[in-house]
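Just so you know, these numbers use all the heavy atoms, side chains as well, and skip hydrogens, waters and symmetry mates.
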Amino acid sequence: MWRTSVFESSGSRTDLKQQIFVSLFCVCLFQEENIEYYNSKAEMDYVSTSLSIFVYDPNFKNHVNYSHTAVQIPTDIYKGAPVILNELNWTQALERVFIENSRDDPSLLWQAFGSATGVTRYYPAAPWRAPDKIDLYDVRRRPWYIQGASSPKDMVILVDVSGSVSGLTLKLIKASVMEMLDTLSDDDYVNVARFNEKAEAVVPCFKHLVQANVRNKKIFKEAVQQMQAKGTTDYKSGFHFAFNQLLNTNVPRANCNKIIMLFTDGGEDRAQDIFEQYNWPNKTVRVFTFSVGQHNYDVTPLQWIACANKGYYFEIRSICAIRINTQEYLDVLGRPMVLAGRSAKQVQWTNVYQDALGLGLVVTGTMPVFNLTVDGNSQNQLILGVMGVDVHLDELKRLTPQYKLGANGYIFAIDPNGYVLMHPNLQPRVRLRFFIRSIRNHSTITLICIRRQMIDGRSGEMTIKTLIKSMDERYIDEVTRMYSWTAINDTDYSLGLVLPPYSEYYIQADLSDVMLQLQCECMVILSLSLSMYREYCKRLQMAENNTQFLADFLSLMVEISPESEDYQSRQSLVIYWIKWIEMLIRNLCRYGFLALFASTNGGVTRVYPNIAAESWDEDPEPLNSNFYRRTLDNKGYIFRNGTVGILVTTAVEVVIGGKTMKPAGVFLQIVSADLVLNVVVMFQDLLCYLIDDGGFLVMSNQRDHWKKVGLFFGEVDPYLMFALYNNSIYARHQTFQYQSACEPMASSHTGAAHRGFYVPSIADFLTVNILGLHYAHLCLLEDVWAESSDTKGSSSCVTVHSQFYFTNTTNSFNVLQDCGNCSRLFHAKRIENTNLLFVVAETLPCTQEENPCEVLNSARYRKGPDKCFDYNSEVKLCLLL
């Protein structure tokens with residue numbers, strides 16, 4: 001048996017970890033075939049050790065086995081090594097613990113233990129999802145392990161770029177630095193500097209430590225790849241730079257572990273005077289040194305530097321040694337946690353990340369696992385690993401169902417870094433920055449204040465006016481929203497609630513007898529189509545089948561009237577509105593409307609006639625419907641083009657006790673466009689347009705424009721649209737989409753590139769996107785999640801989206817458009833109580849081609865030259881041969 005005393009200032013790490021494990025567990029050499037475990041990568045391995053039964057569980061979105069745990073071992077670790085075999089043996093006891101936890105709380109998802117040796121044991125057992133390329137998964141580099149195994153870090157990486165590191169050594173250093181960056185999480189701060197005779201940041205604009213988020217790490221990696229070797233080595237210049245970075249308290253930073261990582265091929269200078277100046281005697285900054293490459297330099301100075309500053313010395317001779325050696329320092333940083341005992345064993349919640357087994361976006365509750373044995377007279381300082389339990393974001397959403405918040409209400413949550421954990425716009429493929437990043441208007445300063453209070457764990461509320469995009473991103477509305485926020489108990493998260501004023505109050509319902517959730521397609525019943533999705537009615541018993549259930553439901557609707565005792569409940573009020581709308585529908589059918597229908601907050605949509613439901617392409621759930629949500633945020637009648645004719649919507653307001661609400665639903669009409677077009681087409685001497693508040697064509701009296709109905713008006717008449725914008729009838733709002741996935745740009749030698757646009761020109765409207773949204777590819781700022789398969793071949797990028805909206809409250813405009821060589825008169829008028837603009841313009845556009853024959857017959861006057869020099873008798877003539 002080996003016995004090794006471990007000190008904070010010990011030197012080389014060669015084989016030390018294996019010796020520690022032998023000492024702790026008295027390892028006798030196990031044979032691999034004597035240890036029973038399910039290898040999650042068995043199908044990819046030449047050794048088949050698999051379970052026979054897997055059952056698909058929608059909660060895990062995977063085939064699982066509830067009787068066993070599964071083990072994942074990184075590709076670059078030999079599973080037959082004594083250390084790994086011992087790990088497999090003693091972690092087998094976790095299987096029983098995981099199963100009991102699942103029985104006590106069936107809602108638990110993945111339970112996992114990640115060990116310091118790289119072995120992962122998780123429950124329930126499931127086959128490993130291998131990526132398309134080499135499987136490089138190592139639990140020690142996962143966000144939940146990094147955040148649970150050590151406290152946040154302030155790190156400066158020093159890279160020796162003197163002439164001696166050229167060639168293969170420089171390539172190894174670059175690869176090592178990039179691997180080191182991958183060991184950092186959003187809780188950490190970092191800077192990277194290159195040095196020879198002088199030191200400077202590899203990214204010039206990073207003057208101090210920056211957050212180690214995906215964007216910044218990507219920028220660092222790109223800069224590291226551009227480093228070149230030249231000059232001589234001066235350790236002092238590098239350490240001066242590093243200590244000044246770490247001691248700068250005037251910038252944001254982690255304020256915990258302080259680390260310097262030195263990558264070099266070797267040197268003789270020990271820079272002792274620098275350490276005496278900055279780090280001794282307290283030694284608050286750890287220094288880790290890495291000797292990179294195959295050389296014969298004396299490494300004693302590097303070992304001394306590490307040991308004299310509570311760090312460790314590592315050797316990286318080949319590319320195979322990079323991954324293991326660049327993550328070993330985490331064990332050292334975990335030692336203060338082990339010595340702190342129970343005070344350090346607290347549940348920590350991670351940032352949101354993508355689950356490797358396909359569960360989606362999750363957060364993980366983690367707790368470190370310590371070795372509490374005693375080695376001689378001193379307590380062991382080894383962290384064994386990290387326990388983790390996943391919580392899917394959908395679980396958080398279920399706590400506040402959408403129907404309780406209304407169509408335009410929502411909740412969101414952020415972590416201490418200000419990143420979004422939960423938000424309606426959060427996409428599973430790309431990390432979303434805090435919601436302020438996608439709102440560029442006058443409320444940004446207010447939202448920054450809200451963000452600061454949420455990160456600090458304070459509670460508050462505020463009402464602000466802001467611009468929001470519609471679900472289809474075609475329209476912008478200026479709305480009022482009430483923000484409320486508070487800290488979530490026992491976590492570092494903060495929860496926010498956003499409600500429109502009309503959702504602040506709701507009608508009290510008696511839910512002692514509720515209708516269970518039912519989801520079905522539109523059913524043809526009594527010439528009406530009915531869609532139901534959630535809790536709805538009282539006085540309704542469950543039936544043996546859905547047909548009987550719906551029949552009972554309709555019978556209940558017939559019985560209830562405004563005079564009935566159930567009218568006071570929320571459900572009966574919804575039913576009353578539907579019956580009232582039904583009577584209105586029957587009275588309006590005589591006017592030739594295609595169809596009329598009503599949607600409610602209760603989840604019911606009624607359509608008349610029932611055949612119209614077949615062409616209804618909106619979401620049957622009103623709260624998820626674009627037209628429904630936008631209607632609630634606007635007054636009057638909202639016109640928009642549908643797949644069949646024109647939709648006209650308006651919200652039904654209810655005032656109870658002086659409080660205005662919109663609980664009963666929306667009255668909508670589907671109108672045939674041809675009825676009106678045939679009337680206005682007779683006025684061919686003028687251009688007549690109806691344009692909605694987003695700048696999309698609703699109606700035109702020009703037959704050649706009928707096929708363009710629904711398109712952005714810039715495609716129909718770009719010069720007129722430019723005039724409407726230039727005269728402030730329309731304003732443009734730009735937002736930045738930080739979750740876009742862009743296709744790789746093909747290389748070109750023409751110098752062409754995607755352009756941003758900030759001042760629109762005629763060309764902007766001529767080349768506008770068909771949806772009326774301008775997209776400008778700015779730059780690659782965020783990484784796509786490594787496990788995502790939805791964006792293969794694409795990369796994360798930031799795009800600019802532009803929408804138009806009415807900016808002027810004036811109802812009527814008379815404008816003479818100057819086109820340079822002609823002028824054009826048009827009149828524009830806002831139609832009261834709607835979102836429409838009526839435009840009448842001259843039919844002759846400024847760009848119309850001139851008929852050359854007509855020009856010839858009406859030649860313009862001009863003056864010829866005063867003198868003409870075209871003949872002189874003395875001009876010499878040519879000689880004939």
Side-chain angles (χ1 to χ4, degrees), residues 140-143 145-147 149-161 173-195 199-227 238-264 278-279 284-290 292 306 309-312 314 316 322-323 325-330 332-334 350-351 353 415-419 431 433 781-783:
R140 294 168 294 183
R141 293 176 178 268
R142 294 296 291 168
Y145 186 93
I146 294 174
Q147 291 179 248
S150 63
S151 299
K153 303 173 282 294
D154 289 321
M155 178 185 293
V156 177
I157 301 175
L158 296 178
V159 183
D160 182 359
V161 292
I173 288 178
K174 291 179 179 180
S176 300
V177 171
M178 290 190 287
E179 288 290 337
M180 180 64 70
L181 289 170
D182 287 337
T183 66
L184 303 178
S185 70
D186 291 333
D187 293 338
D188 305 320
Y189 280 73
V190 64
N191 205 346
V192 182
R194 56 175 176 261
F195 71 94
E200 57 186 1
V202 295
V203 181
C205 62
F206 289 174
K207 304 295 185 182
H208 50 75
L209 297 176
V210 298
Q211 189 180 21
N213 54 37
V214 177
R215 178 193 62 188
N216 291 337
K217 288 192 289 188
K218 183 172 184 177
I219 296 174
F220 276 129
K221 291 178 181 179
E222 292 172 350
V224 167
Q225 287 288 4
Q226 304 302 318
M227 293 189 307
F239 284 120
H240 265 299
F241 178 93
F243 280 109
N244 287 330
Q245 292 273 303
L246 294 172
L247 297 178
N248 185 1
T249 59
N250 297 323
V251 295
R253 54 184 200 161
N255 289 317
C256 195
N257 288 299
K258 299 180 181 63
I259 310 168
I260 297 176
M261 299 290 185
L262 173 64
F263 290 89
T264 180
Y278 291 104
N279 204 34
T284 58
V285 178
R286 294 180 183 269
V287 180
F288 295 84
T289 58
F290 297 81
V292 185
N309 294 278
K310 301 178 68 174
Y312 274 86
F314 301 90
I316 300 178
I322 292 178
R323 282 176 62 88
N325 283 293
T326 53
Q327 63 193 18
E328 288 288 287
Y329 78 96
L330 291 174
V332 180
L333 298 188
T350 68
N351 305 327
Y353 68 96
D415 63 24
N417 292 307
Y419 285 111
R431 181 188 300 273
R433 303 300 298 272
L781 291 183
E782 302 284 353
D783 267 343

Quiz prompt | side chain to side chain contact (heavy atoms under 4.5 Å, CB included) evaluation trace for Val210 with Val203 | solution = CA-CA 11 Å; Val210 298; Val203 181; over 6 Å; no
Measure the [atom1]-[atom2] distance between [X] and [Y] for me, rounded to the nearest 0.5 Å.
{"X": "Met227", "Y": "Arg194", "atom1": "CE", "atom2": "CZ", "value": "7.5 Å"}
{"X": "Met155", "Y": "Thr183", "atom1": "CE", "atom2": "OG1", "value": "5.0 Å"}
{"X": "Asn248", "Y": "Phe243", "atom1": "CG", "atom2": "CZ", "value": "14.5 Å"}
{"X": "Tyr278", "Y": "His240", "atom1": "OH", "atom2": "NE2", "value": "5.0 Å"}
{"X": "Lys217", "Y": "Leu181", "atom1": "NZ", "atom2": "CG", "value": "7.5 Å"}
{"X": "Gln245", "Y": "Lys207", "atom1": "CD", "atom2": "NZ", "value": "10.0 Å"}

Exercise. Check the angle between the aromatic planes of Phe288 and Phe314 and answer parallel, tilted or perpendicular using the 30° and 60° thresholds.
Key: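 Taking Phe314 first and then Phe288, their aromatic rings lie parallel (interplane angle under 30°).
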Exercise. Could you walk me through whether Leu158 and Thr264 pass the side chain to side chain contact (heavy atoms under 4.5 Å, CB included) test, one step at a time?
Key: CA-CA 8 Å; Leu158 296 178; Thr264 180; over 6 Å; no
Exercise. Would you check, one step at a time, whether the test side chain to side chain contact (heavy atoms under 4.5 Å, CB included) holds for Tyr419 with Asn213?
Key: CA-CA 10 Å; Tyr419 285 111; Asn213 54 37; 3.0 Å; yes
Quick one: closest heavy-atom pair of [X] and [Y], and the distance?
{"X": "Asn351", "Y": "Gln147", "answer": "N-OE1, 3.6 Å"}
{"X": "Cys256", "Y": "Pro152", "answer": "CB-O, 3.1 Å"}
{"X": "Phe195", "Y": "Asp160", "answer": "CE2-N, 3.6 Å"}
{"X": "Leu330", "Y": "Ser150", "answer": "CD2-OG, 4.0 Å"}
{"X": "Arg323", "Y": "Glu179", "answer": "CG-OE1, 3.7 Å"}
{"X": "Thr350", "Y": "Tyr353", "answer": "OG1-CE2, 3.7 Å"}

Practice problem: Start with the C-alpha gap between Val159 and Val202, add the side-chain angles, then the distance that decides, and say whether side chain to side chain contact (heavy atoms under 4.5 Å, CB included) holds. | Solution: CA-CA 9 Å; Val159 183; Val202 295; 5.8 Å; no
Quiz item: Backbone N or O of Asn257 within a donor-acceptor pair of the Arg286 side chain at under 3.5 Å?
Solution: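 Looks like no, no N/O pair under 3.5 Å.
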Exercise. Taking Lys153 for its side chain and Asp188 for its backbone only, find out whether a donor-acceptor pair lies under 3.5 Å.
Key: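 No, Lys153 side chain to Asp188 backbone: no donor-acceptor pair under 3.5 Å.
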Self-check item: Any residue meeting side-chain contact (heavy atoms from CB on, under 4.5 Å) with Asn255, in chain and number order, not counting sequence neighbours
Solution: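 Checked Asn255 against side-chain contact (heavy atoms from CB on, under 4.5 Å); matches are Arg253.
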Quiz item: Hey, are Lys221 and Asp182 close enough for a salt bridge, meaning a charged N less than 4.0 Å from a carboxylate O?
Solution: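 Salt bridge between Lys221 and Asp182, a charged N being under 4.0 Å from a carboxylate O: yes.
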Quiz item: Between Gln211 and Asn216, does any side-chain donor sit less than 3.5 Å from a side-chain acceptor?
Solution: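 Looking only at side-chain atoms, Asn216 and Gln211 do not form any donor-acceptor pair under 3.5 Å.
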Exercise. Quick one: which residue pairs count as a ring pair (Phe, Tyr, Trp, His ring centres under 6.0 Å) with a foot in residues 207-226, not counting sequence neighbours?
Key: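 Qualifying pairs: Phe206-Phe220.
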Practice problem: Under the side-chain hydrogen bond (donor to acceptor under 3.5 Å, both in side chains) rule, what do Asn279 and Asn309 come out as? Steps first, then yes or no, please. | Solution: CA-CA 8 Å; Asn279 204 34; Asn309 294 278; 2.9 Å; yes
If you define the side chain from C-beta out and look only at heavy atoms, does anything of [X] sit under 4.5 Å from [Y]?
{"X": "Arg141", "Y": "Thr326", "answer": "yes"}
{"X": "Val224", "Y": "Ile157", "answer": "no"}
{"X": "Ile146", "Y": "Leu184", "answer": "no"}

Quiz item: Knowing that exactly one of Tyr329, Tyr312, Phe263 qualifies, which makes a ring pair (Phe, Tyr, Trp, His ring centres under 6.0 Å) with Phe290?
Solution: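 It is Phe263, the one option of Tyr329, Tyr312, Phe263 that forms the ring pair (Phe, Tyr, Trp, His ring centres under 6.0 Å) with Phe290.
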